[in-house]
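Quick notes on the structure that follows.
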Amino acid sequence: MNGAREKWTSKVGFVLAAAGSAVGLGNIWRFSYVTGTNGGAAFVIIYLVAIVLIGYPMMVTEVAIGRKSEKNPVGAFKALAPNTPWWLVGALGVFSGFVILSFYSVVAGWSVAYIFKAIAGFIPDTDFAGVFVGHITSTGAPIIWHAIFMVLTAGIIAAGVVKGIQRWVKILMPVLFILLIILVLRALTLPGAGEGIAFYLAPRFGDVTAGTLLAAIGQAFFTLSLGMGAMITYGSYLSNQENIADNGGWVVGLDTAIAIVAGFAIFPAVFAFGFDPAAGPGLVFITLPAVFAEMPAGSLFGFIFFVLLSVAALTSAISLLEVVVAWLVDEKDWPRVKAAVSMGIVIFVIGLPTTLGFGVWGDVRIIGMEILDFYDFLASELALPIGGALTAIFAGHVWKARTVVDETNSPPGAIKIGNWYGVLIKYVIPIAVFLVLLFTLIDFLG
Ligand code: PFF
């Protein structure tokens with residue numbers, strides 16, 4: 001046996017850990033390019049609606065499931081619905097944890113590599129697209145950075161919930177806030193920043209399509225780490241003395257604020273130097289280095305940016321690994337260190353094809369996709385929404401909305417979840433998410 005369950009030692013511990021999980025590549029890398037390609041503020045408005053109607057209710061639901069059961073996702077469903085197949089939803093979450101972390105670590109590795117590229121200096125008129133493609137298509141460097149990132153992730157998880165996760169998020173999250181503020185102040189004071197702000201704040205509803213709605217709902221799940229049991233797992237370390245509605249509000253609020261604020265760091269800079277905000281996934285690795293190269297002291301700001309991105313990725317990666325480790329510790333009685341180290345190695349290996357897929361395995365296609373895109377599609381576009389919708393159905397109809405409401409409102413806090421919750425969790429969320437899935441599949445098959 002592994003003894004009594006560890007608990008966060010303070011409210012700040014949980015909020016920073018959960019916000020650390022939520023704030024990641026999704027807020028900076030993914031949010032900025034999805035906003036750039038989906039109509040700027042029009043996307044942001046729809047995304048905010050998705051956060052309020054789907055993100056926040058799902059956040060409190062997952063935390064409540066975790067806190068009540070004091071278990072990893074598989075154990076949580078087993079504890080709340082014994083002798084039913086619902087534990088499979090938890091198992092799907094553990095599977096998503098493996099897959100997402102395996103490629104997340106590869107992209108995070110690019111970000112760490114770019115810290116050193118920034119130190120070496122971003123030189124104007126460089127072919128930054130060529131530099132980026134050169135980096136990701138090479139064999140050695142991305143694998144080494146992927147390995148280093150996994151060692152950091154597994155090292156923190158091996159140290160435990162309080163001495164590992166909580167200790168590190170208390171250091172890294174304030175660093176992240178400070179770096180972000182520095183970057184925003186720099187970007188907003190660039191000559192020509194106004195155009196970027198206008199692009200970001202002027203809603204172009206003409207650009208909104210069904211795809212925009214789906215992108216907004218998908219982004220809401222990904223950015224809040226929902227649908228795969230990460231928040232169930234972190235909730236399982238939350239004490240009964242803490243109110244879930246308030247804590248969930250802090251986490252969702254911080255994540256949303258950071259995504260919105262990151263937009264104020266990125267779009268003004270992109271416009272000030274005449275680049276294209278709709279550059280897609282290469283926005284932060286190709287466009288931003290070009291921006292930094294033009295900016296006074298740009299290498300310093302580039303350095304700050306990629307440290308920020310790497311720190312954000314690390315505090316998310318640890319939550320992905322914690323899902324897998326908590327499952328082995330709770331269900332299979334593994335010692336934490338053994339689980340963290342061995343799963344770190346396994347996930348590193350599972351990630352290798354995604355990086356080789358840009359280089360020596362460049363011709364490989366799985367159902368028509370590059371390997372990394374396939375992993376992302378499988379996990380983010382299929383497993384997360386399916387896991388999320390099933391969790392909502394479970395909470396609303398099996399565990400019962402009433403029980404979730406009581407759990408989230410106990411002990412009483414500033415926010416009180418009302419009856420609206422039942423409508424959202426039982427009907428609105430499952431239907432909205434299944435529509436997303438349906439369109440994803442039609443789009444994919446069509
Ligand atoms: N929320 C993270 C991000 O925005 O980058 C990604 C993520 C972390 C998704 C943990 C899921 C998860 F369990």
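FYI, side chains are in, hydrogens and waters are out, and symmetry mates aren't considered; it's all heavy atoms of this structure. Just follow the structure's listing: the first ligand is 1, and inside any ligand the first atom is 1.
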Anything under 30° is parallel, anything over 60° is perpendicular, the rest tilted; go ahead and classify [X] against [Y].
X      : Y      : result
Phe31  : Tyr200 : perpendicular
Phe222 : Tyr104 : tilted
Tyr33  : Trp29  : perpendicular
Phe306 : Phe292 : perpendicular
Phe199 : Phe267 : tilted

Among protein heavy atoms, which sits nearest to [atom], and what does the distance come to when rounded to 0.1 Å?
atom                    : result
atom 8 (C) of ligand 1  : Ser225 OG, 3.3 Å
atom 13 (F) of ligand 1 : Met228 SD, 2.9 Å
atom 2 (C) of ligand 1  : Ser21 O, 3.4 Å

Going by the atom numbers of ligand 1, which of them fall below 4.0 Å from some non-hydrogen atom of Ala230?
->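 Those qualifying, in numeric order: 13 (F).
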Find all atoms of ligand 1 within a distance of less than 4.0 Å from any non-hydrogen atom belonging to Leu25, and give their numbers and elements.
->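 In order of numbering, the contacting atoms are 5 (O).
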Does the distance from a Lys or Arg side-chain N to an Asp or Glu carboxylate O, for Glu242 and Arg67, drop under 4.0 Å?
->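 The answer is no: the pair does not qualify as a salt bridge.
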Is there a donor-acceptor pair closer than 3.5 Å between any side-chain N or O of Ser316 and the backbone N or O of Ala312?
->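 Flag set: sc Ser316 to bb Ala312 pair under 3.5 Å.
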Are any of the N or O atoms of [X] closer than 3.5 Å to those of ligand 1?
X      : result
Leu226 : no
Ser319 : no
Ala22  : yes
Phe222 : yes

Can a non-hydrogen atom of Tyr104 be found less than 4.0 Å from any atom of ligand 1?
->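 Judged by the 4.0 Å heavy-atom criterion, Tyr104 does count as contacting ligand 1.
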